[in-house]
Amino acid sequence: MSVEELYAKIPTPVLIGLLIAGIIIYILLIVAEWRILTKAGEKGWKSLIPVYNVFVSHEMVGMSHIWFIVEVVCWIIEAVLEIFKITSPAVILFFGIFVLALTSAAGVIHLFKLCDSFGKGWKFKIISLIVPYFSTLVLAYGKAEYRKLT
């Protein structure tokens, strides 16, 4: 069964409801990122600019600029594979594992440093790994205060 056939079986009101719910969650997360940057003394609008928001967030938690460069290189590799429709299983496997490993490592390091900069402990870090968007909302809308890590 193709994806199109699967979508055809879902009633339109359900799809519209899911779309509206997705838009609401997306807006909540955008506002949450804005609030997190504001709590850290940054301008909130920086959260709206793709790629730059990652740079600012990495800087905010004290991550090395090397991690940002690694992530950008991974994004470029993904884009090149997609643009040129490279489908060789060996290439996809190698770069897929490479990109996944590097971006996952950067994401976990960033998440843990973000938790540290808001004074959260290991329990919160583990919960953040399991449900990262929930933890973003807690940091943004909760009472946690940002403190710059040295």
Side-chain angles (χ1 to χ4, degrees), residues 3-4 6-7 10-86 91-92 94-150:
V3 173
E4 291 82 17
L6 183 61
Y7 281 141
I10 300 173
T12 303
V14 172
L15 288 175
I16 292 172
L18 289 171
L19 177 66
I20 291 170
I23 290 170
I24 290 170
I25 291 169
Y26 185 69
I27 290 170
L28 276 173
L29 289 170
I30 288 173
V31 174
E33 291 293 332
W34 184 297
R35 287 181 56 104
I36 287 172
L37 287 183
T38 304
K39 281 183 170 186
E42 294 286 343
K43 304 267 191 234
W45 60 264
K46 293 179 180 181
S47 67
L48 301 176
I49 303 171
V51 182
Y52 182 59
N53 62 0
V54 175
F55 177 80
V56 171
S57 187
H58 280 211
E59 221 174 36
M60 179 184 83
V61 299
M63 283 182 73
S64 168
H65 293 297
I66 297 298
W67 281 109
F68 174 74
I69 293 167
V70 165
E71 285 192 86
V72 170
V73 168
C74 288
W75 296 333
I76 291 170
I77 290 170
E78 289 174 338
V80 167
L81 291 175
E82 184 63 32
I83 289 169
F84 294 109
K85 303 290 185 213
I86 298 172
V91 172
I92 296 295
F94 174 74
F95 284 111
I97 291 171
F98 175 75
V99 167
L100 178 64
L102 288 176
T103 55
S104 296
V108 169
I109 291 168
H110 178 267
L111 184 63
F112 282 10
K113 284 184 167 276
L114 184 65
C115 291
D116 287 339
S117 65
F118 278 92
K120 298 296 184 180
W122 279 101
K123 289 179 186 175
F124 191 82
K125 289 176 185 177
I126 299 303
I127 291 169
S128 296
L129 283 174
I130 297 167
V131 280
Y133 297 125
F134 176 75
S135 63
T136 300
L137 295 172
V138 169
L139 292 176
Y141 299 108
K143 296 180 181 184
E145 292 184 23
Y146 172 82
R147 55 188 165 87
K148 186 160 183 77
L149 301 175
T150 54

Could you give the side-chain donor-acceptor pairs of residues 21-34 under 3.5 Å, partners two or more places apart or in another chain?
none

> Residues in ring-ring contact (aromatic ring centres under 6.0 Å, His included) with F68, at least two apart?
Replying inline: F55
>> Could you work out, with side-chain hydrogen bond (donor to acceptor under 3.5 Å, both in side chains) as the rule, every residue matching K113, not counting sequence neighbours?
In response: none
>> Minimum heavy-atom separation for I36 and M60, please, with both atom names.
In response: CG2-CE, 3.8 Å
> How long is the span from the SG atom in C74 to the CZ atom in F98, to the nearest 0.5 Å?
Replying inline: 5.5 Å
>> If the condition is salt bridge (Lys or Arg N to Asp or Glu O under 4.0 Å), which residues does E71 pass it with, not counting sequence neighbours?
In response: none
>> Applying salt bridge (Lys or Arg N to Asp or Glu O under 4.0 Å), can you list everything that pairs with K85, at least two apart in sequence or on another chain?
In response: E82
>> Applying side-chain contact (heavy atoms from CB on, under 4.5 Å), can you list everything that pairs with P13, at least two apart in sequence or on another chain?
In response: P11
> To the nearest 0.5 Å, what is the distance between OG (S117) and NZ (K148)?
Replying inline: 9.5 Å
Please output the side-chain donor-acceptor pairs of residues 104-111 that fall under 3.5 Å, not counting sequence neighbours, one pair per line with the distance.
from: S104; atom 1: OG; to: L100; atom 2: O; distance (Å): 2.7
from: H110; atom 1: NE2; to: S57; atom 2: OG; distance (Å): 2.6

Without placing hydrogens or testing angles, list every side-chain donor-acceptor pair under 3.5 Å for residues 126-133, not counting sequence neighbours.
from: S128; atom 1: OG; to: F124; atom 2: O; distance (Å): 2.7
from: S128; atom 1: OG; to: S135; atom 2: OG; distance (Å): 3.3

>> Is there a side-chain contact between L114 and K120 in this structure, where contact means two heavy atoms from C-beta onward sitting under 4.5 Å apart?
In response: no
>> Please find the pair of heavy atoms, one from L102 and one from W67, that lie closest to each other, and give the distance.
In response: O-CZ3, 4.0 Å
> How would you list all residue pairs meeting salt bridge (charged side-chain N to carboxylate O under 4.0 Å, His left out) that involve residues 121-137, not counting sequence neighbours?
Replying inline: D116-K125
> Mind checking what makes salt bridge (Lys or Arg N to Asp or Glu O under 4.0 Å) contact with E145, not counting sequence neighbours?
Replying inline: none
> Between atom CD1 of I66 and atom NE2 of H58, what is the distance when rounded to the nearest 0.5 Å?
Replying inline: 12.5 Å
> What residues form a side-chain contact (heavy atoms from CB on, under 4.5 Å) with L6, not counting sequence neighbours?
Replying inline: M1
> Residues in side-chain contact (heavy atoms from CB on, under 4.5 Å) with V80, at least two apart?
Replying inline: I76, F84
